[in-house]
Amino acid sequence: QVQLVESGGGLVQAGGSLRLSCAASGRTFSSYAMGWFRQAPGKERESVAAIGLRGGSTLYADSVNDRFTISRDNAKRTVELQMNGLKPEDTAIYYCAAGPFLSLGDSYTYWGQGTQVTVSS
């Protein structure tokens with residue numbers, strides 16, 4: 001089992017940057033693909049980015065491609081999301097998740113509690 005705790009959210013002006021971090025418990029972190037998702041008020045949860053077991057493979061939603069970068073450190077059991085060029089439409093609760101394979105779909109098993117990101121115009 002994996003427990004996930006996100007941090008790094010906050011309030012930022014449009015065009016600014018934030019770096020989200022997700023810390024995982026358990027010694028099997030490197031066995032899981034990791035993903036970042038977000039959910040804005042009144043909207044369905046959507047995938048943002050995902051990274052494979054060793055970090056060599058990544059996937060991004062079209063809406064964040066070229067602005068967001070996902071990375072992981074298996075030794076530290078962390079996954080991060082660097083967000084640049086933030087837009088008001090990026091405002092949401094951001095969740096990290098762990099799952100059996102790299103995907104932008106609904107294949108993730110373990111979820112964190114989320115961290116709020118608010119981008120002001």
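Along the sequence shown, residues carry numbers from 1.
For the residue pair A50 and S103, the shortest heavy atom distance occurs at CB-O, 3.4 Å. Scanning all heavy atoms of the two residues, the minimum distance from S47 to A61 falls at O-CB, 3.4 Å. Taking each heavy atom of P88 and S121 in turn, the nearest pair found is CG-CB, 3.8 Å. Residue T91 comes nearest to A40 through the heavy atom pair O-CB, 3.6 Å, listed as atom of the first residue, atom of the second, then distance. For the pair R72 and G52, the tightest heavy-atom approach, listed with the atom from each and the gap, is NH1-O, 2.7 Å.
Here the rule is ring-ring contact (aromatic ring centres under 6.0 Å, His included) with F37, and of Y94, Y95, W111 only W111 fits it. Of the listed residues (L4, V5, I70, T115), just one forms a side chain to side chain contact (heavy atoms under 4.5 Å, CB included) with C96, and that residue is L4.
Proximity of a side-chain donor or acceptor of T58 to a complementary backbone N or O of I51 within less than 3.5 Å is not detected. Between the side chain of Y32 and the backbone N or O of Y108, no donor-acceptor pair lies under 3.5 Å. When atom types are taken as modelled, the side chain of S25 and the backbone of Q3 share a donor-acceptor pair closer than 3.5 angstrom. Without hydrogens or angle criteria, R54 side chain to N74 main chain gives no donor-acceptor distance under 3.5 Å.
Residues Y110 and L81 share a hydrophobic cluster, clusters being chains of Ile/Leu/Val/Met/Phe/Trp/Tyr side chains in contact below 4.5 Å.
Within the 4.5 Å cutoff, the side chain of R38 has heavy atoms near those of the V64 side chain. Contact check for K76 versus S21: no side-chain heavy atoms found under the 4.5 Å cut-off. Side-chain contact check for R67 versus D90: some heavy-atom pair is nearer than 4.5 Å. Between S71 and R19 the shortest side-chain heavy-atom distance falls below 4.5 Å. Taking the side chain as every heavy atom from C-beta outward, E6 and L20 never approach each other to under 4.5 Å. Residues T69 and Y60 are in side-chain contact: their nearest non-hydrogen atoms beyond the backbone lie under 4.5 Å apart.
Taking OG1 of T78 as the reference point, atom CG of D73 lies at 4.5 Å (rounded to 0.5 Å). One distance of note links OG of S57 with CZ of F101; it measures 14.0 Å at 0.5 Å rounding. Atoms CG and CE, from L53 and M34 in turn, are 11.0 Å apart once rounded to the nearest 0.5 Å.
Taking the ring centroids of F68 and W36, they lie at or beyond the 6.0 Å cut-off.
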